[in-house]
Amino acid sequence: MSDESRDRAAQQSKGWMEMTGAISQPEGSITGGCQCGAVRYRLDGQVVKTYICHCRECQKQSASAFGISVRVHGADVIITQGQVKTWQRPTDSGRVLACHFCPECGSRLFHGDLAGDDPVSIKGGSLDVMPDLSGVDHIWVARKVRGIAIPAEARTHFGEPDDETA
């Protein structure tokens, strides 16, 4: 194998490890954005909790069997490029949830109030580096798609966890 081929293989391997979360980001450097690149953001605080959510709303917005919700404080999300568009939907608790997305490509980015200290869910697929999902709680398992296996050691919640609000 030539040096050039070896270098290219190393770069591809490094890229894969970054995409799969095998290389963690240093504190304060969590970034993400939409599919088209019009909206970019960074997190200026700590991740509070990460969930795999099996609710029907996450299934619909992710067009998949579940969504990844990275909980942070709303004021810690800094939009560094572009602007989000927002629409609101009712939740099972009777509240109204703000859903923020890119007005160009429609990628869902956040759920919740970006101006406050209340928890906001960053949609995991919008992160530049996917979080490590080992050991995360699974929520809304009452709505889990049949055939999806949850690890036996995972903590599960029938609906919304007691310590969180939708």
Side-chain angles (χ1 to χ4, degrees), residues 7-55 57-89 91 95-140 148 151 154-155 157 160-161 163-166:
D7 289 345
R8 192 172 328 121
Q11 281 299 100
Q12 287 173 342
S13 176
K14 180 182 177 198
W16 178 85
M17 291 182 353
E18 289 171 347
M19 286 174 37
T20 60
I23 296 176
S24 61
Q25 290 180 295
E27 186 176 313
S29 69
I30 296 175
T31 57
C34 66
Q35 278 186 299
C36 73
V39 178
R40 297 286 305 152
Y41 66 85
R42 76 172 186 270
L43 179 62
D44 278 357
Q46 298 296 313
V47 170
V48 175
K49 184 88 174 173
T50 300
Y51 294 108
I52 293 178
C53 183
H54 298 272
C55 78
E57 290 78 14
C58 280
Q59 292 168 0
K60 284 183 177 185
Q61 68 84 30
S62 68
S64 186
F66 56 83
I68 300 169
S69 295
V70 178
R71 303 286 279 185
V72 301
H73 296 288
D76 291 341
V77 177
I78 309 300
I79 296 175
T80 59
Q81 178 179 303
Q83 294 183 358
V84 294
K85 190 167 183 178
T86 304
W87 70 282
Q88 297 181 337
R89 69 166 178 82
T91 66
R95 295 180 175 190
V96 176
L97 182 65
C99 303
H100 309 278
F101 62 96
C102 172
E104 299 298 319
C105 67
S107 296
R108 188 82 59 94
L109 300 168
F110 323 105
H111 290 164
D113 181 6
L114 296 177
D117 200 39
D118 289 338
V120 166
S121 289
I122 294 176
K123 303 315 296 175
S126 73
L127 294 167
D128 291 336
V129 176
M130 290 295 286
D132 180 354
L133 298 178
S134 304
V136 300
D137 290 11
H138 288 249
I139 62 175
W140 286 103
I148 295 295
R155 192 169 147 200
H157 304 268
E160 195 72 23
D163 59 343
E164 301 284 338
T165 57

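Start at 1 with the first residue, then count along the sequence.
With hydrogens and angles disregarded, no donor-acceptor distance shorter than 3.5 Å links the side chain of R40 to the backbone of I79. Looking at S121, its side chain never comes within 3.5 Å of a backbone N or O of H111 through a donor-acceptor pair.
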L109 and K123: side-chain contact (heavy atoms from CB on, under 4.5 Å), yes or no, with the steps?
CA-CA 5 Å; L109 300 168; K123 303 315 296 175; 5.8 Å; no
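Closest approach of Q46 to L43, counting heavy atoms only: C-CD2, 4.3 Å. Across A115 and A75, no two heavy atoms sit closer than the pair O-CB, 4.2 Å. The minimum heavy-atom distance between P103 and V39, with the atom names listed, is CD-CG2, 4.4 Å.
Note: R155 CZ to I139 CD1 = 11.0 Å, rounded to the nearest 0.5 Å. Considering OH of Y51 and CG of L133, their distance stands at 14.0 Å, rounded to 0.5 Å. Note that the OG1 atom of T31 and the CG atom of D128 stand 3.5 Å from one another [nearest 0.5 Å]. Residue C99 holds its SG atom at 13.5 Å from NZ of K85, rounded to the nearest 0.5 Å. Within the model, atoms SG of C53 and NE2 of H157 stand 11.0 Å from one another, a figure rounded to the nearest 0.5 Å. Distance CD1/I68 to CG/L127: 8.5 Å, rounded to 0.5 Å.
Classified by interplanar angle (parallel below 30°, tilted 30° to 60°, perpendicular above 60°), the ring pair Y41/F110 is perpendicular.
Crowding of Q81 atom CD: a count of heavy atoms from other residues, nucleotides or ligands under 6.0 Å exceeding 12.
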